[in-house]
Amino acid sequence: MRKNKRVPKRKQQVNLHSLKKYMSTPKGTLMVILLLLSVSNFLASGSLTGIFHILIAIVFAVFIDGIVAIWRAYPRKFSDGACISGWIIGLILGVQESIWIIFATVTLAMVSKHLLSHGRKPVFNPAAFALLLAVWFWGAQESWWGAFSVQSSWWMIILIITGFWMTNRVRKFPQVLSFLATFFSGMLILAIFHWGSVSFTPADALRPPFINMTLFFTFFMLTDPPTTPGRKKLQIVFGCLSATLSILSMSLWGGQIYLLLALCSANTIKFLFDRIQKRRKNHVLPTKSLGLSE
């Protein structure tokens, strides 16, 4: 009889330490949170359809990203970023959507990640960009079920707790608080004066399921480090800008894409701002090196 090979205890400790170290990173923390949200939604609904769609979206995203990594000869073939993008797409797309819609949306996310990039950083949040185009291209239904949009409001407590956990981990409180303050105060003013779209009034944004959408978006998409500013002052500007664009989009066109449209627009403005700042630095540095500056 063959003896079972046991993993050395020291190696087990190293693997456990590496896992704990990864889980303490922003991406590791977000994966834990997305897992909690997925399991909580399953317990609330009792349906495995959403979980099945999440797994499909993750597999598609990692597979496509892996092909790109091999083609471009990246040393790292598995992308946790692709896993997160697929996971978020699975939590937002309606559970009634077909596998082909999931595949097409995930493909858009991975294409935007690698083609619409500045260096190795994507210009747009991949999940937000893909979900926005999915609505425009083939009318994808986005229920945001991962935000407990179809469950009792009590489940929102989990969303808020995990959201503040994530915000604290990536140090985005200035951005999150400025967005929420601007967005809800702006929507409240519009609702009081009855301004906005006829089919989707601003008051809709102040109650479920729209408020669920806003919280999920703010905590887990607006806080994406590669596509949002790091400095506190710029975080406040970015948060207010995203909220203002969301309010304009909601009041003019309504629908369910106003948050995604606002984030992609803010990402574009940030990209242009960064390019301008970089050009200014490139013009100033040669002048200093020649001793021509004061």
Kindly compute the distance separating [atom1] ([X]) from [atom2] ([Y]), expressed to the nearest 0.5 Å.
| X | Y | atom1 | atom2 | answer |
| --- | --- | --- | --- | --- |
| L245 | C240 | CG | SG | 11.0 Å |
| T228 | Q175 | OG1 | CD | 4.5 Å |
| T107 | I89 | OG1 | CD1 | 9.0 Å |
| I54 | L48 | CD1 | CG | 10.5 Å |
| S246 | L260 | OG | CG | 9.0 Å |
| M187 | I211 | CE | CD1 | 11.5 Å |

What is the minimum heavy-atom distance between [X] and [Y], and which atoms define it?
| X | Y | result |
| --- | --- | --- |
| A127 | I88 | CB-CG2, 4.0 Å |
| G94 | S143 | CA-OG, 3.5 Å |
| I247 | T182 | CD1-O, 3.5 Å |
| L93 | E142 | CD2-CG, 4.0 Å |
| A140 | I101 | CB-CG2, 4.1 Å |
| A61 | A82 | CB-O, 3.2 Å |

Can [Y] be reached from [X] by stepping across I, L, V, M, F, W or Y side chains whose heavy atoms are under 4.5 Å apart?
| X | Y | value |
| --- | --- | --- |
| F271 | L115 | no |
| L222 | V237 | no |
| I257 | L241 | no |
| F52 | V59 | no |

Got a sec, which pairs hit side chain to side chain donor-acceptor pair (under 3.5 Å) with one end in [range], sequence neighbours left out?
| range | answer |
| --- | --- |
| residues 132-141 | none |
| residues 263-273 | K270-D274 |
| residues 148-171 | none |
| residues 29-54 | S38-W87, S47-T49 |

Residues which pass ring pair (Phe, Tyr, Trp, His ring centres under 6.0 Å) with F238, listed by chain and number, not counting sequence neighbours:
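Here no residue qualifies.
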Which residues share a ring pair (Phe, Tyr, Trp, His ring centres under 6.0 Å) with Y258, sequence neighbours left out:
none
Residues forming a side-chain hydrogen bond (donor to acceptor under 3.5 Å, both in side chains) with [X], sequence neighbours excluded:
| X | answer |
| --- | --- |
| R231 | none |
| W144 | none |
| T227 | D224 |
| H114 | D65 |

Verdict with reasoning, F183 to F217, per ring pair (Phe, Tyr, Trp, His ring centres under 6.0 Å)
CA-CA 12 Å; F183 180 80; F217 165 84; 8.6 Å; no
Could you check S85 against K113 for side chain to side chain donor-acceptor pair (under 3.5 Å), going step by step and ending with a plain yes or no?
CA-CA 10 Å; S85 295; K113 174 185 174 182; over 6 Å; no
If the plane angle is over 60° it's perpendicular, under 30° parallel, otherwise tilted; pick one for F124 and F129.
parallel
Apart from I276 itself, what residues make up its hydrophobic cluster when side-chain heavy atoms of I, L, V, M, F, W and Y under 4.5 Å apart count as a link, directly or indirectly?
none
Hits for side-chain contact (heavy atoms from CB on, under 4.5 Å) against L177, two or more places apart or cross-chain, chain-then-number order -> F173
Would you indicate whether the side-chain heavy atoms of M110 and V68 approach each other to under 4.5 Å?
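A side-chain contact is absent here, since even the closest heavy-atom pair is not under 4.5 Å.
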